[in-house]
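Below is one structure; the comments refer to it alone.
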Amino acid sequence: MHWAFEYIGDQWSAPDHDCWGFFRRVQRDRFGRDIPAVAVDAFNRRACAQAVESNPEREQWIATDMPQEGDAVLLAHARHPSHVGLWIDVDGGGVLHCIRGPGVVYQPVKSLKQSGWGHLEYYRHV
């Protein structure tokens, strides 16, 4: 079984285990990267989008068209990303992310688009 599935079902809770908190946790635990915390109201989509756009951590990541295991995936319902997850190479690839309600889930790209996440951007740590 893939390592990512041990996280499935972990509960969402702001600010420690929202999408950014979960992303930080997995980057630290699985990839040895210490990602800084971001103070943002996880209930405010606009504030989340602004935090994604202005976060200095973005300078440590480069855009890629071919995501690999552990790459960051920025997700948006519209143009501006307001959510983050990790690319996981399972069943053709998908995103492991933490959302309000179900908590940590794995979704293939097709399922993400059906859930309204129509815009995905992939980033690799440099």
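- Residues Val104 and Gln11 have side chains not in contact (no heavy-atom distance under 4.5 Å, counting atoms from C-beta outward).
- For Arg124, the side chain to side chain donor-acceptor pair (under 3.5 Å) partners are Asp71, not counting sequence neighbours.
- Note that CD of Glu121 and NE2 of His80 are 10.5 Å apart. Values are rounded to the nearest 0.5 Å.
- Closest approach of Ser82 and Cys48 over heavy atoms only: O-CB, 3.5 Å.
- By the side chain to side chain donor-acceptor pair (under 3.5 Å) test, Thr64 is found to be paired with no residue, residues two or more places apart in sequence or in another chain being considered.
- The side-chain heavy atoms of Pro102 and Val105, taken from C-beta on, include a pair separated by under 4.5 Å.
- When the side chain to side chain donor-acceptor pair (under 3.5 Å) test is applied to Trp20, no partner is found at least two apart in sequence or on another chain.
- Note that CZ of Phe22 is 7.0 Å distant from CG of Asp10, once rounded to the nearest 0.5 Å.
- Follow the hydrophobic side-chain contacts under 4.5 Å out from Leu86 and you reach Ile8 in the same cluster.
- Side chain of Arg28 to backbone of Asp34: no donor-acceptor contact under 3.5 angstrom is found.
- Residues passing the side chain to side chain donor-acceptor pair (under 3.5 Å) test with Asp18, sequence neighbours excluded: none.
- Screening residues 36-70 for ring-ring contact (aromatic ring centres under 6.0 Å, His included) gives Trp12-Phe43, Phe23-Trp61, Trp61-His125 as the qualifying pairs, with residues at least two apart or on separate chains.
- Between Trp117 and Leu120, the shortest heavy-atom contact is O-CD2, 4.1 Å.
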Practice task
Take Arg25 and Tyr7 through the side-chain contact (heavy atoms from CB on, under 4.5 Å) test and state the conclusion after the steps.
Solution key: CA-CA 11 Å; Arg25 175 181 162 205; Tyr7 295 100; 3.4 Å; yes

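- Remark: the backbone N or O of Gly70 is paired with a side-chain donor or acceptor of Gln27 at under 3.5 angstrom.
- Linking Ile, Leu, Val, Met, Phe, Trp and Tyr residues whenever their side-chain heavy atoms come within less than 4.5 Å places Phe31 and Phe5 in a single cluster.
- Side-chain contact between Leu112 and Leu75: present, with at least one pair of heavy atoms (C-beta onward) separated by less than 4.5 Å.
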Problem - Worked verdict on Glu6 versus Arg30 for salt bridge (charged side-chain N to carboxylate O under 4.0 Å, His left out) - result: CA-CA 12 Å; Glu6 74 183 56; Arg30 294 290 171 175; 2.7 Å; yes

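- With rounding to the nearest 0.5 angstrom, the CZ atom of Arg24 is 14.5 Å from the CZ atom of Arg33.
- Nearest heavy-atom pair across Ala51 and Val38 is CB-CG1, 4.0 Å.
- Note on Leu74: it clusters hydrophobically with Tyr106, by side-chain heavy-atom contacts below 4.5 Å among ILVMFWY residues.
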For residues 87-101, dump all side-chain donor-acceptor pairs below 3.5 Å to protein atoms at least two apart in sequence or in another chain.
from	atom 1	to	atom 2	distance (Å)
Trp87	NE1	Asp89	OD1	2.8
Asp89	OD2	Glu69	N	3.3
His97	ND1	His83	NE2	2.8
His97	NE2	Gln107	OE1	2.8

